[in-house]
Structures are given as structure tokens and as C-alpha cells.
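Let me begin by presenting the structure, written as C-alpha cells, before commenting on it.
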Amino acid sequence: MGNRCVPKLKGGSFGSVETMEELFAVAAAMEREAIAGYSQLAQHMRDENQPELAATFEHLVAEETRHLNDVSHLALQITGKTPAFDDKGAAAVAPELFAFYRAFSAAARNDEDDDDAATVAPELVTSYRALSTAVHNEERAFAFWTYVAAGSTSRELCDAAEQMAREELQHVATLRRERRRAFHRQRASLLATTNWTLASLEQQFANLVDGVVSELESSEMRESLIGCAAEARTRAGQLRETPLGNTPLLNHVQGLMTARLRPICELLLDCYLDLGDHASSEAARARAQVYAAQMLECISAVQEIARSTSPGGAR
């Protein structure tokens with residue numbers, strides 16, 4: 001896993017992860033934080049007489065509770081004890097890592113934009129944004145554990161952090177699927193405007209990069225985006241040689257989805273997540289998950305560039 005998806009942080013990086021106790025303490029605190037946040041949103045939706053959205057967040061509470069139980073079980077299995085569950089406990093057990101998580105989360109939240117909502121019917125904006133909140137949370141968690149894996153002091157700790165990242169990627173897949181369902185409940189009549197394939201979408205993404213990279217003043221941003229385009233062309237070639245299979249998402253591609261960098265990144269990510277669940281072979285599913293992780297990194301790079309070049313929103 002790479003680390004291009006890590007947000008820029010002022011003041012340097014964090015101290016390395018030294019023990020499994022530190023890792024599990026922060027993992028448990030993250031899950032508890034998500035449970036508390038979704039519980040508050042569920043109550044808010046009930047107060048606003050939005051029972052369907054309240055039920056959505058209650059489902060998320062149940063999912064995060066299950067994730068917390070999984071973390072607790074794994075911690076007990078590996079370390080012989082359950083992890084610290086709350087902020088106070090995590091800060092005591094893993095002060096440097098927990099402080100970094102707080103700084104990371106704040107920076108990552110600043111990375112988010114509402115570019116997706118511009119293509120959603122007005123009557124769906126509330127439900128879409130509700131589910132987007134959860135999607136962004138899981139994407140932040142994926143990026144965090146990817147970074148932790150890169151800074152781990154042992155192979156064992158790196159493997160554990162990478163496992164956490166893989167699980168968060170699965171959470172991203174589940175939530176993005178729920179968000180798509182909310183979208184298509186009212187927009188089932190979307191018609192394809194072009195016969196797109198994954199390879200042609202990857203090539204289109206690379207072409208869009210070519211059109212904007214020369215405008216960037218930052219050499220670091222240019223290098224990051226050029227790297228994304230190079231990966232896209234590599235994936236396109238691999239897909240032409242060995243296709244991954246079909247996903248129904250390619251039947252609902254509109255012009256707006258392929259005209260700008262962020263929407264096409266999102267579309268490709270959704271396609272790979274769908275194939276990661278439904279591809280015909282284990283090898284194809286694993287390959288799709290690798291591609292999905294790469295697309296998450298590209299989305300973060302595109303967001304960083306959009307903030308620097310387009311004050312009015314993402315490209």
C-alpha cells in the first residue's frame with residue numbers, strides 16, 4: 001500500500017508504533033468515536049422526523065459496534081487483554097499515535113468536498129450526504145492505517161496495520177454500495193451516454209491529468225498527479241490484456257462523470273469495489289481491491305490539487 005492518500009500535516013509526522021497494545025488502543029477508540037457520532041446523527045434524524053435516515057445511522061451504529069467487537073476479540077487473542085476503549089485510555093496507552101490520529105483526522109476532514117452532491121437530485125441530497133459522512137469516515141480510517149503501516153517498527157505491527165486498512169477498505173465498499181442504492185432508488189432510469197469500459201475510463205482519467213498537470217505550480221503536486229496518471233495507464237493496459245469482468249455501474253455512466261478528475265476517480269473506485277465483491281475469481285477480486293486502494297490514493301491527490309488551483313471547488 002502506498003501513502004499518497006495521506007493528508008499534509010503541519011509540524012511533522014508521528015512517533016512510530018511500538019506495541020500491539022498501542023495499535024489496538026487507537027483502533028478501539030476510533031470505533032467508539034464512530035459509534036458515538038452515528039448515534040448522535042441517528043437521534044438528530046429522529047428529532048427531524050426522518051425515520052429512514054435514522055434507521056440508516058442506527059444500522060451504521062450496529063456495524064461499528066460489530067467492528068469494535070472484532071477489534072476487541074483480535075486484541076485479546078494477540079495481546080491477552082482487551083484494548084483501552086475511549087479517548088482517555090487510548091491517549092494514556094498510545095499518546096503519540098493517538099495525538100497523530102487526532103491531527104490526521106482534522107487534516108483529512110479539511111480534504112473533503114461536496115463535489116459528488118452536485119450530480120444528485122435535490123430530493124436525494126440529504127440521504128446522500130448522510131451516507132457520504134460514513135464513507136468519508138471509513139476512507140479516513142483506511143488512509144490512517146496505511147500511514148501507520150508505513151511507519152511501523154516491525155513486520156508484525158505492519159501486518160496488523162495493513163489488516164486494519166484492508167478491513168476499512170471493505171467498510172468503504174459496503175457504505176459506498178449503500179450510497180449508490182440511495183441514488184438509484186430515484187435515478188434508476190439513468191442511461192449510458194457512451195459504451196465505457198474500465199480501460200477506456202482509465203485512459204480518460206490519464207488524458208484529463210495531461211490537460212491540467214502543466215497548470216500546477218507545485219512540483220510535488222505535479223509529481224503526485226503524474227504518478228496517478230502513470231498508474232492509470234498501467235491499469236488500462238492490464239485491463240485490455242486481462243479484463244476483470246463486467247460491473248453494472250458501467251451501464252450508468254453520464255457525461256458529467258467523465259469530464260472532470262474527481263468524478264471519474266469516484267466512478268472507477270466504485271467499479272473496482274463492486275468487482276472486489278463480485279468478480280468471478282479470487283485473483284480478480286484481489287486485483288480489483290488493489291486497484292481500489294490505488295484509486296483512493298488518487299482521489300486524495302486530486303482533492304489536494306483542487307484546493308490549490310480551484311477555490312470554488314474540485315475539478
Side-chain angles (χ1 to χ4, degrees), residues 1-2 4-5 115-116 119 135 138-139 142-143 146 162 165-181 183-184 187-213 224-302 315:
M1 294 181 185
R4 186 165 49 239
C5 57
D115 189 60
D116 312 62
T119 65
V135 169
E138 300 300 337
E139 288 178 347
F142 167 81
T146 299
E162 287 186 342
R166 284 191 291 271
E167 290 178 2
E168 297 299 347
L169 187 61
Q170 288 301 312
H171 303 169
V172 170
T174 298
L175 290 167
R176 291 178 72 94
R177 185 164 56 247
E178 290 300 315
R179 189 173 65 173
R180 288 198 303 272
R181 286 173 180 167
F183 181 89
H184 288 297
R187 298 292 299 273
S189 61
L190 284 174
L191 298 175
T193 57
T194 306
N195 293 323
W196 289 98
T197 65
L198 288 172
S200 63
L201 284 173
E202 291 281 14
Q203 186 60 56
Q204 171 68 358
F205 170 69
N207 293 341
L208 290 173
V209 169
D210 292 342
V212 303
V213 71
S224 180
L225 201 57
I226 289 171
C228 286
E231 287 181 349
R233 290 190 170 95
T234 297
R235 288 191 297 270
Q238 293 170 346
L239 288 162
R240 292 187 190 101
E241 183 175 345
T242 309
L244 270 177
N246 295 321
T247 168
L249 298 179
L250 293 175
N251 298 328
H252 303 290
V253 180
Q254 293 184 310
L256 285 175
M257 298 178 183
T258 61
R260 294 184 297 148
L261 289 175
R262 175 62 189 269
I264 199 170
C265 282
E266 292 278 354
L267 175 60
L268 282 163
L269 174 58
D270 281 341
C271 288
Y272 292 135
L273 289 173
D274 183 58
L275 287 165
D277 283 340
H278 303 114
S280 58
S281 70
E282 183 61 34
R285 289 192 292 272
R287 184 174 154 213
Q289 289 175 352
V290 170
Y291 288 174
Q294 291 173 345
M295 290 312 306
L296 271 176
E297 295 179 350
C298 285
I299 286 173
S300 186
V302 168
R315 288 180 175 275

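We're numbering straight along the sequence, starting at 1. Values below: all heavy atoms of this structure, side chains included; hydrogens, waters and symmetry mates excluded.
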Assess the side chains of Y272 and Q294: does a donor N or O sit below 3.5 Å from an acceptor N or O?
no

Let me confirm one number: the OG1-CD distance from T197 to Q203, rounded to the nearest 0.5 Å.
10.0 Å

Begin with the C-alpha distance, continue with both residues' side-chain angles, and end with the deciding distance and a verdict on side-chain contact (heavy atoms from CB on, under 4.5 Å) for T247 and H278.
CA-CA 8 Å; T247 168; H278 303 114; over 6 Å; no

In Å, rounded to the nearest 0.5 Å, how long is the span from SG of C265 to CG of L208?
9.0 Å

For L250 and C271, work out which heavy atoms get closest and say how close.
CD2-SG, 4.0 Å

Nearest-0.5 Å distance, CZ of residue F142 to CG of residue L296
5.5 Å

For the CG atom of L239 and the CZ atom of R287, what is their distance to the nearest 0.5 Å?
5.0 Å

Are side-chain heavy atoms of P263 and L267 found at a separation under 4.5 Å?
no

From the options R240, R235, R233, select the one residue that forms a side chain to side chain donor-acceptor pair (under 3.5 Å) with E202.
R235

For the student: nearest non-hydrogen atoms of A279 and A284, plus distance:
CB-CB, 3.7 Å

So, do Y291 and L275 sit near enough that their side-chain heavy atoms are less than 4.5 Å apart?
no

For residues Q170 and E138, determine if any side-chain heavy atom of one lies less than 4.5 Å from a side-chain heavy atom of the other.
no

How many angstroms lie between CG in D274 and CG in L269, if you round to the nearest 0.5 Å?
11.0 Å

List the atom of A288, the atom of G276, and the distance in Å for their closest heavy-atom pair.
CB-N, 3.6 Å

Could you give the distance from CG (L175) to CZ (R180), rounded to the nearest 0.5 Å?
11.0 Å

Carefully, step by step, assess R176 and E266 under the rule salt bridge (Lys or Arg N to Asp or Glu O under 4.0 Å).
CA-CA 10 Å; R176 291 178 72 94; E266 292 278 354; 2.4 Å; yes

Within the supplied structure, the quantity of interest is the number of heavy atoms (other residues, nucleotides, ligands) at a distance under 6.0 Å from N246 CG; does it exceed 12?
no

